[in-house]
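A quick write-up on the structure given underneath.
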Amino acid sequence: MIEKNSPEHEILAALCDMPRPVRGMSEAMLLRNFRSSRAIRNLASQGLIRSRGWHDGPGGVWVPTPEGESVVLEKTAPDIV
């Protein structure tokens, strides 16, 4: 369960807001922007983000999984009354 306004939700929202062709952020950038290695570990262990390698070199970036995207969509969808 990811709470709205938690570091986990902020990371997921930032990743999902990026255009699909350039979606992803290195762990160093996530740590710099969100300062929570625990949140990164939690998201990865819950299968909401995954590490994706570059197509032409070493290293990688964290990207949201389809499950992670659905969490963000659920939390940002307006309430219908």
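Positions are given from 1 along the sequence. Quick note: numbers below take in every heavy atom, side chains included, and nothing from hydrogens, waters or symmetry partners.
- Distance alone, capped at 3.5 Å, places no donor-acceptor pair between the Arg52 side chain and the Val61 backbone.
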Quiz item: For Val63 and Ile49, what are the C-alpha separation, side-chain angles and deciding distance, and is it a side-chain contact (heavy atoms from CB on, under 4.5 Å)?
Solution: CA-CA 5 Å; Val63 295; Ile49 62 173; over 6 Å; no
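- From Leu31, atom CG reaches atom CE of Met29 across 10.5 Å, with rounding to the nearest 0.5 Å.
- Under a 3.5 Å cut-off, the side chain of Ser6 and the backbone N or O of Ile2 do not form any donor-acceptor pair.
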Exercise. Applying salt bridge (Lys or Arg N to Asp or Glu O under 4.0 Å), run through Arg20 and Glu69 and close with a yes or a no.
Key: CA-CA 12 Å; Arg20 243 181 229 286; Glu69 290 180 20; 3.1 Å; yes
Exercise. For Glu74 and Lys4, run side-chain contact (heavy atoms from CB on, under 4.5 Å): C-alpha distance rounded to whole Å, both residues' side-chain angles, the deciding distance at 0.1 Å, then the answer.
Key: CA-CA 10 Å; Glu74 290 171 7; Lys4 194 169 186 173; over 6 Å; no
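- Heavy-atom minimum distance, Met25 versus Asn33: SD-ND2, 3.7 Å.
- A distance-only check finds no donor-acceptor pair linking the side chain of Ser51 to the backbone of Trp62 [under 3.5 Å].
- Atom CD of residue Glu10 and atom OG of residue Ser36 lie 9.5 Å apart, to the nearest 0.5 angstrom.
- Atoms CG and CZ, on Leu43 and Arg38 in that order, are 9.5 Å from each other to the nearest 0.5 Å.
- In this structure, Asn42 and Gln46 have side chains that are in contact, with non-hydrogen atoms separated by less than 4.5 Å.
- The two atoms that bring Pro64 and Leu12 nearest to each other are CB-CD2, 4.3 Å, heavy atoms only.
- Listed here is the closest heavy atom pair of Arg23 and Cys16: NH2-O, 3.0 Å.
- Note: Glu27 CD to Arg32 CZ = 15.5 Å, rounded to the nearest 0.5 Å.
- Using a 4.5 Å cut-off on side-chain heavy atoms (C-beta onward), Pro7 and Phe34 make no contact.
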